[in-house]
Amino acid sequence: MGDWKRSIYCGDARATAVDQELTLVGWVHSRRDHGGVIFVDLRDRSGICQIVFNPEGDAESHDKAKQLRSEDVIAVRGIVAKRSAETINPDLPTGEVELKSRSLRLLNASQVPPFIIDDDTDANENTRLKYRYLDLRRPQSMKPLLLRYRMTKLIRDYLDGLGFIDVETPVLTKSTPEGARDYLVPSRIYHGKFYALPQSPQLFKQILMVGGLDRYFQIVKCFRDEDLRADRQPEFTQLDMELSFVQPEDVMAVVEGMIALLFKELKGIELQRPFARLTYEEAMNRFGSDKPDMRFGLELCDFSAALGNCQAKVFTGAIQKGGVVKGLRIPNGATMSRKDLDDMTPFVATYGAKGVAWTKITAEGWQSPIAKFLSAAEQKEVEKISQAQVGDVVLFSADSAKIVHDSLGNLRLHLGEKLGLIPEKDYALVWVVDFPLMEFDPEEKRYVALHHPFTSPLDEDLHLLDSDPAKARSKAYDLAMNGTEVGGGSIRIHQVELQRKILGLMGIDAQEAQDKFGFLLEALSFGAPPHGGIAFGIDRLAMLLSGAKSLRDVIAFPKSQRAVCMLTDAPSEVSPRQLRELGIRVSGPDK
RNA sequence: GGGGUCGUAGUUCAGUCGGUUAGAACGCCGGCCUGUCACGCCGGAGGUCGCGAGUUCGAGUCUCGUCGGCCCCGCCA
């Protein structure tokens, strides 16, 4: 750049600067060479400004401008001029002015870029991620990152105002049982021993409460070595917080204030408070999901009682095995084709269901393969429960409650989208509370925590721990937004005896509890205050607030579905020497 | 681990029933052009049809395998 300094960003050039001499820097967005006059659109993160090179203006810079190519980095010094009325570009914020070049410096030439750097580029994601630095030059790609930054800035300021303290916790930490697969880091000093990257700072933040910090937060990377999804990356960012001497209501109040602030500042939306609230049981019964999308209806109905004695074996069989018969009413669904209805079977098959029964409600009665198995009274009862009208379709699913909820819950989302029932611009937030504390895992033959083993049971359910642990509910709360879980937390166990008992129920014996969680148990025994907290998926929040379809859009350098960094090609092999130092021998790829 | 889907020029795509030399647009290169902003006009270059087998007289096209991208199930306290 020599002695030149940038005057303003390209996108900030306005008529108020007319006749001023400015220095602009940026990338050559495009060049239009008319043989005589040459136009260059100069781009930086703020936008685009048109530069004019005229042979009668400065012959030297005009000559140099002939050689400019896309994505060359240049500095231009010139005079801001108002464009004549007929040459104003109304599509550009800077369209009333242009910079008449007096001097041009080529700071760095660029190779021909592999794709066109423009908002309506049609390069696919694969290519864009490999050349992420080029992709990021597109405002559309940079925008979610800017929104994400504004979001975390608002969060930090908000929590700071409430007396929260940002404390960093270790990244090299201890592998603990339960939960997701750990990313492991071998120890060079202790061959055969490993650190684990944190799945969350859960235990550290609890220890901070024991340490009297009272209110902690951290925006922190977490790691889980599980397969990826559109809304799941192996490394992701949590807003983690913990408060002492609180009830669930206190945590939710802090959160609602924060979420409302984000919506007001980032979206200009005033959210209704308090947020809607459902118990886990109600969420599952009505929506078949513990993170229901509340932007539309299409709720599940329960036919178990009505069809318990009918002639359809698929229904009665399921009920006799302890399952349920539930359904969905599709308003005006009778217009759906036989194929539309039959296509639902492979859809629910992925969730373990054997199929979907259906009936069309016509003026002449039921039009359905199962009509003959249901008496007139039973049909009437189904219509009453589902509030079905002529012209509707009613769907039925019969199986275990888990499979029915899973398949109908997902079918509800699928149909909601397909039938255009979801208002895309809406935001529906809902707390789901009173989760079961644990459920029995038939494969492992033991209870596993629904949230994590440090979640406190509801006081009134404590007695169930001895009689029927699966029935005990917890002081856990999840926040769902538009069908995505964005946050989850709980009041923790702060009494060491109860913590030991819960670990015991989960099949962790006293010795293992001591080995894996000894430091926590000891801390709890030294005057741990009642405490609780919550953690938010920052990536997911940013995704929802920016309207992105994938987490990859709000992460600067995301991983592919196979957990590969497309830019650096990580993970990669390491040298034999590195392995030797770590005491590691690689057994070769699995066969 | 399983299911689905995609893979053709730098990019995005088309490519019929298996049939001659694999096309288009944009981009790129060269020439012309003094008010464009999707500049225009003329000309040109550019292909391991992801990879490997197989079927066939002949494969971008069919079969099998494999690699990679994406979506989903399992998994994700």
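Here the structure is a predicted model, which means the values were calculated and not measured. Convention: sequence-line order gives letters A, B, ...; per-chain numbering from 1.
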Q) According to the interplanar angle, ranging from 0 to 90°, do the rings of A:Tyr133 and A:Tyr131 count as parallel (below 30°), tilted (30 to 60°) or perpendicular (above 60°)? A)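 Taking A:Tyr131 first and then A:Tyr133, their aromatic rings stand perpendicular (interplane angle over 60°).
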Q. Can we call the ring centroids of A:Phe517 and A:Phe454 under 6.0 Å apart?
A.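 Yes, the ring centres sit under 6.0 Å apart.
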Q: Looking at every strand, decide which applies to A:Arg83 at a 4.0 Å heavy-atom threshold: base, sugar-phosphate, or nothing.
A: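 Since a base atom lies under 4.0 Å of A:Arg83, the category is base.
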Q) Between B:rC70 atom C1' and A:Arg552 atom CZ, what is the distance in whole Å? A)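 Between C1' of B:rC70 and CZ of A:Arg552: 7 Å.
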Q: State, with a plain yes or no, whether a side-chain heavy atom of A:Arg83 is found less than 4.5 Å away from one of A:Asn89.
A: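 In contact.
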Q: Within residues 400-422 of chain A, find the residues that approach RNA chain B with a heavy atom at under 4.0 Å, and present them sorted by residue number.
A: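 Residues of residues 400-422 of chain A that come under 4.0 Å of RNA chain B do not exist, since none gets that close.
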Q: Could you tell me whether A:Lys291 contacts a base, only the sugar-phosphate backbone, or nothing, with contacts defined as non-hydrogen atoms closer than 4.0 Å?
A: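 No contact.
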Q: Grab the CG-P distance between A:Asn124 and B:rC26 for me, whole Å please.
A: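 In whole Å, B:rC26 P lies 20 Å from A:Asn124 CG.
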Q. If each of A:Ser560 and A:Pro453 is mapped to the nucleotide of RNA chain B with the nearest heavy atom, which maps nearer the 5' terminus, i.e. the 5' end?
A.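 With A:Ser560 and A:Pro453 compared, the 5'-side residue is A:Ser560.
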Q: Please list, chain by chain and in numerical order, all residues satisfying ring-ring contact (aromatic ring centres under 6.0 Å, His included) with A:Phe440, sequence neighbours excluded.
A: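 Listed in chain order: A:Tyr447.
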Q. CG of A:Asp290 versus P of B:rC76: gap in Å, rounded?
A.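 Answer to the nearest Å: 14 Å.
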(Q) Please compare A:Ile116 and A:Gln561 by the position of their nearest nucleotide in RNA chain B and report the one closer to 5'. (A)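 Closest to the 5' end, via its nearest nucleotide, is A:Ile116.
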**Q.** Short side-chain N/O contact to B:rC76 OP1/OP2 from A:Gln199, under 4.0 Å
**A.**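 A:Gln199 to B:rC76 OP1/OP2: no side-chain N or O under 4.0 Å.
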Q) Would you say A:Arg229 reaches B:rC71's phosphate, i.e. side-chain N/O to OP1/OP2 under 4.0 Å? A)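 Answer no for this pair, as no side-chain N or O of A:Arg229 is under 4.0 Å from OP1 or OP2.
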Q: Establish, with yes or no, whether the OP1 or OP2 oxygen of B:rU12 is under 4.0 angstrom from a side-chain nitrogen or oxygen of A:Thr127.
A: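 Answer is yes, contact under 4.0 Å.
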(Q) Please report the distance, rounded to the nearest Å, between CD1 in A:Ile117 and P in B:rG10. (A)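 Nearest whole value for this atom pair: 18 Å.
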Q.
With a 4.0 Å cut-off on N to O distance, would you call A:Glu242 and A:Lys205 a salt bridge?
A.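 Judged by the 4.0 Å cut-off on N to carboxylate O distance, A:Glu242 and A:Lys205 do form a salt bridge.
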Q: Could you tell me the separation between the NZ atom of A:Lys100 and the P atom of B:rC37, rounded to a whole number of Å?
A: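 Taking NZ of A:Lys100 and P of B:rC37, I get 17 Å after rounding.
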Q) Expressed in whole Å, how much space separates the C1' atoms belonging to B:rU36 and B:rC41? A)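 Roughly 15 Å separates the two C1' atoms.
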Q: For A:Asp33 and B:rG35, give me the distance from atom CG to atom C1', rounded to whole Å.
A: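 Atom CG in A:Asp33 sits about 13 Å away from atom C1' in B:rG35.
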Q | Distance flag, aromatic centroids of A:Phe287 and A:His405, threshold under 6.0 Å | A |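 Ring centroids of A:His405 and A:Phe287 are no less than 6.0 Å from each other.
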Q) Do A:Glu71 and A:Arg69 meet the salt-bridge criterion of a basic N to acidic O distance under 4.0 Å? A)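 No, no charged N to carboxylate O under 4.0 Å.
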**Q.** Length of the line joining A:Asp41:CG and B:rA38:C1', which is rounded to integer Å
**A.**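 Whole-Å distance recorded here is 11 Å.
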Q: Could you check whether A:Asp91 gets within reach of a base, just the sugar-phosphate, or nothing at all, counting any heavy atom under 4.0 Å?
A: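 Contact class for A:Asp91: none.
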Q: Give a yes/no on whether any side-chain N or O of A:Arg32 is located under 4.0 angstrom from OP1 or OP2 of B:rU36.
A: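 No, A:Arg32 has no side-chain N/O under 4.0 Å of OP1/OP2 on B:rU36.
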